[in-house]
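The structure under discussion appears below in the form of structure tokens.
Quick note: numbers below take in every heavy atom, side chains included, and nothing from hydrogens, waters or symmetry partners. Numbering starts at 1 and runs along the sequence shown.
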Amino acid sequence: MRKTLKASMAAILLSSVALVPASAIVTFASVDAAYAKSDKANGKANGNSSAAQEKTRGKSGASSGSSSSSNRGSGGGLGRLLDKLTGQDKRSTRSASASGKPAKGSGMHPSELGNMNGALNANINAVLAHIRNGNTNGPVGHLAAIAAAADGAIGAQDILDQELEFLALENALAAANYDSIEDYYAALDGVPGIDPIMAIDDAAVALAADSENTDLQDALDDALAFAGYTGDMALDDYEADVTGTPGAEQDTNLNVAIAGLGGDATMGEPIMDVRPAEEDIAGATEALEAQDDAEADILAYWNKNEDDPAVVTAEEQALLDKLYERLEGNEDAIADAVGEAEVDEEISGDVAECEGVEDCPEVEDIAELIE
């Protein structure tokens, strides 16, 4: 029975919860979703953009003093989306000097790093070994947790950004009173007028000159009915069709939202992007939250850090940037180590289910089945 890395790792770590902090357990709860595996494959085929670049793409550097991610505990996927839509997704940042504490030097001098010297100077092979073993203890273990979480979050932000584009389109359609892009395009095109029908026009002109003549009224009604117009508003309907409906004005907000998804309202071209599935959105949200948790854990573990854990200071961000720089160039090796850890946990789970069961596959047989 296959198990995801998240489920299996949680099972193993929970068994020793008395020895391992809960914050460390969350770290390796990486998401085994379709988007993550496809993104890893695509990343390897295209040169594997670094985890550090992926992480810092939406974050400013330490010199700007901006934070690395949204406030911890944002309330799940919906909360993350709403926070992003309302601009509340920026984690508050403050300088250490503002709190009356002496600011750390921006040079990350060893005397200021404390136990993070071990993380920044860790041998990459040691980090990979910690990933394979699921070991999140110590400076190297905390760095391994960040590496694994960053690997699991590759492509996650792109998925959430795509969903935000679709939400923006929905809002723009509602504001312009359209149910769909197709309705908007139809309104832009308008309705061309039809050619006048001589029999109706002649009867209408004659009746206008002699409105009391019932024979002329009957002649007009007959001409309208022959053309498919009946009822009290038959003549008005006919005249509206002859006039046609002019095209609606272009809506700037709608056009921008459509362009953001690969369409072109000025040319009547439909959007090209595909909306992410709900499970992919949930998986992406969970992956980014796992990465936030891994960062929070290593900052809390930092023995030179006495700041409020609810915010990320410029000095803390500088440390995180340095840690991600330490991992640059090792993306393939990290992905392989995460994959090996997943297989090991799947095997462990299947072997555990074999206890006391006759004719259960041996470990080697299970490994071959997984491969």
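- Side-chain heavy atoms closer than 4.5 Å link hydrophobic residues (I, L, V, M, F, W, Y) into clusters, and following such links, possibly through other members, connects Leu220 to Ile194.
- Applying the ring pair (Phe, Tyr, Trp, His ring centres under 6.0 Å) rule to pairs touching residues 248-279 yields nothing, sequence neighbours excluded.
- In this structure, the side chains of Leu319 and Met116 come closer than 4.5 Å at one or more pairs of heavy atoms.
- Inspection of the Gln317 and Asp321 side chains reveals an N or O donor paired with an N or O acceptor under 3.5 Å.
- Contact annotation: the side chain of Asn125 approaches that of Leu128 to within less than 4.5 Å [non-hydrogen atoms, C-beta and beyond].
- A donor-acceptor pair is defined here as one N or O able to donate and one able to accept, closer than 3.5 Å; such a pair exists between the side chain of Arg326 and the backbone of Ala122.
- Within the structure, ring pair (Phe, Tyr, Trp, His ring centres under 6.0 Å) pairs that include any residue of residues 190-235 comprise Tyr229-Tyr238 (at least two apart or interchain).
- Considering only heavy atoms from C-beta on, Thr313 stays 4.5 Å or farther from Asn305 through its side chain.
- With hydrogens and angles disregarded, a donor-acceptor distance shorter than 3.5 Å links the side chain of Asn117 to the backbone of Pro110.
- Enclosure of atom CG in Asp210 by more than 12 non-hydrogen atoms of other residues, nucleotides or ligands within 6.0 angstrom is indicated.
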*Would you sort out whether Glu165 and Asp273 count as a side chain to side chain contact (heavy atoms under 4.5 Å, CB included), showing the intermediate values?*
CA-CA 10 Å; Glu165 294 280 4; Asp273 295 348; over 6 Å; no
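- The shortest distance between side-chain heavy atoms of Val127 and Ile334 does not fall below 4.5 Å.
- Looking at heavy atoms from C-beta onward, Asp237 lies out of side-chain contact with Thr230 at the 4.5 angstrom threshold.
- Counting only distance, with no hydrogens or angles, the side chain of Glu340 and the backbone of Val338 share no donor-acceptor pair below 3.5 Å.
- Here the CG atom belonging to Asp264 is positioned 13.0 Å from the CD1 atom belonging to Ile271, to the nearest 0.5 angstrom.
- When all heavy atoms of Ala257 and Leu169 are compared, the closest pair comes out as CB-CA, 3.8 Å.
- For the pair Val242/Glu239, no side-chain contact is recorded, criterion being any heavy-atom separation below 4.5 Å from C-beta on.
- A 4.5 Å side-chain heavy-atom check between Leu167 and Glu170 finds at least one atom pair inside the cut-off.
- Between Tyr184 and Asn255, the side chains place a donor N or O and an acceptor N or O closer than 3.5 Å (distance only, hydrogens not considered).
- The shortest side-chain heavy-atom distance between Leu113 and Lys304 does not fall under the 4.5 Å cut-off.
- No more than 12 heavy-atom neighbours from other residues, nucleotides or ligands sit within 6.0 angstrom of CD on Glu249.
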